[in-house]
Amino acid sequence: MSLTLDTYRLLGRSGLRVSPLALGAATFGTEWGWGAEQDEARRLFDLYVERGGNFIDTASTYTDGSSERMLGEFTRDNREGLVLATKYTTQRRPGDPNSGGPHRKSLFASVESSLRRLNTDYLDLLYLHVWDSTTPVEEILRGMDDLVRQGKVLYVAISNAPAWQAARMQAIADLRGWSPLVALQIEYSLINRTGERDLIPMAREMGLGVVPYSPLGGGVLTGKYSRDDLTATTAGSDGSTRKSLNLTLGNISERNFAIAEVVKEIATELGRPPAQVGLAWTLQNPGVTAPIIGARTVGQLQGNLGALEVDFTASQAARLDEASAIELGSPHDLIAGGFARAQTRGDLKIEARR
Ligand SMILES: NC(=O)c1ccc[n+]([C@@H]2O[C@H](COP(=O)([O-])OP(=O)(O)OC[C@H]3O[C@@H](n4cnc5c(N)ncnc54)[C@H](OP(=O)(O)O)[C@@H]3O)[C@@H](O)[C@H]2O)c1
């Protein structure tokens, strides 16, 4: 397989053309204690765009607004050529209960402030960032649809929500003639394959493109952490500042080291850095539209873009699958197993067309 950033893919059941790797802008700014200063962020952005990339991912709250503000500057000359995605719900102003969350008041206020920071009059893609079970889905969908009709948002999408809720929302949007969800952003990588149970099959069935975040497990799949990092609390072995977050999130663990070991072995066989192998595995999954690269330095981004050229042998792909496999759980194991196949197909000859 050899892809390029300008080998575009369609996002879900839409005609929107996006690069097969998106550029994550959560590293734009150092307010969270890790990330890139503005000059380095500019270089990351320029490199991605020069290579043909068009799909940029940010959020209203990334680096306390700096990420959107920087993108507002960086996109000044080429706004039309880019697919700019941001998210709402996570903004919080102390003492103001309506300043965050998925409801209509928060939605409209968040979009207005994102438009101002991004220095644009429309967002290509707006995600609901984190589901919180407080707002009727009709209110969210109708609000999103109003923004689309006003031209402030072109496409709508969802992240961090239960599969059943996203499926229900999509069905309601379809029945009401409201703007459909075109993408699902979830954590998905060799260290986190839980999306294979319900979220990814749901997205395929309901027309949402899958946009995985943290495809390197926050850096663990680069192989840069060692067992010493399981207990240490200071900066990572290469001086990175992302380590304490990775410890908090549970990304640095014995299980994940075992997966990272297999990634390293295959990287050695291919003569490539482990990060490319980790990214390529997510990129090549047929259920995935575009993983989001999270790079802090130009060197990392340059290296990681090499994932577009990685080719696995069947046995290498099988070893990665095996090392990272998860229990599907009920009823998925039963459905995938022989019992259900015998029940549903028996001696019937049914050709699968999807
Ligand atoms: N929807 C959501 O809730 C959500 C959540 C998380 C992220 N996101 C999006 O997804 C994007 C990517 O997520 P992520 O940052 O978690 O992705 P990731 O690829 O799993 O981790 C990226 C981090 O790994 C390290 N790294 C990357 N390439 C490397 C290399 N070649 N060598 C060594 N270290 C390397 C860097 O951290 P250090 O150098 O600091 O170690 C970098 O910040 C974000 O920018 C954001 O746009 C969305």
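We count ligands from 1, going down the list as the structure has it; atoms in each ligand are counted the same way.
Near Gly217, the atoms of ligand 1 lying under 4.0 angstrom from a non-hydrogen atom of the residue are 20 (O). The ligand atoms of ligand 1 that sit less than 4.0 angstrom from a heavy atom of Thr27 are 43 (O). The contact set between ligand 1 and Asn160, taken as ligand atoms under 4.0 Å from a residue heavy atom, comprises 1 (N), 2 (C), 3 (O). Residue contact check: Ala26 has heavy atoms under 4.0 Å from atoms 44 (C), 45 (O), 46 (C) of ligand 1. Ligand 1 places these atoms under 4.0 Å from at least one heavy atom of Ala25: 45 (O), 47 (O). The ligand atoms of ligand 1 that sit less than 4.0 angstrom from a heavy atom of Asp57 are 9 (C), 46 (C), 47 (O). For ligand 1 and Tyr62, the ligand atoms under 4.0 Å from any heavy atom of the residue are 4 (C), 8 (N), 9 (C), 46 (C), 47 (O), 48 (C). For ligand 1 and Gln185, the ligand atoms under 4.0 Å from any heavy atom of the residue are 1 (N), 2 (C), 4 (C), 8 (N), 9 (C), 48 (C).
The shortest N/O to N/O separation between Arg296 and ligand 1 falls below 3.5 Å. At under 3.5 Å, not a single nitrogen or oxygen of Ile292, backbone or side chain, sits near a nitrogen or oxygen of ligand 1.
The stretch residues 248-279 participates, sequence neighbours left out, in no ring-ring contact (aromatic ring centres under 6.0 Å, His included) pair at all.
For the pair Arg79 and Tyr122, the cation sits on the ring face: its NZ or CZ lies under 6.0 Å from the ring centre, inside 45° of the axis.
The option with the heavy atom closest to atom 23 (C) of ligand 1, from among Arg242, Lys243, His129, is Arg242.
Looking at Glu187 against ligand 1, nothing comes within 4.0 Å, counting heavy atoms.
By the salt bridge (Lys or Arg N to Asp or Glu O under 4.0 Å) test, Arg76 is found to be paired with no residue, residues two or more places apart in sequence or in another chain being considered.
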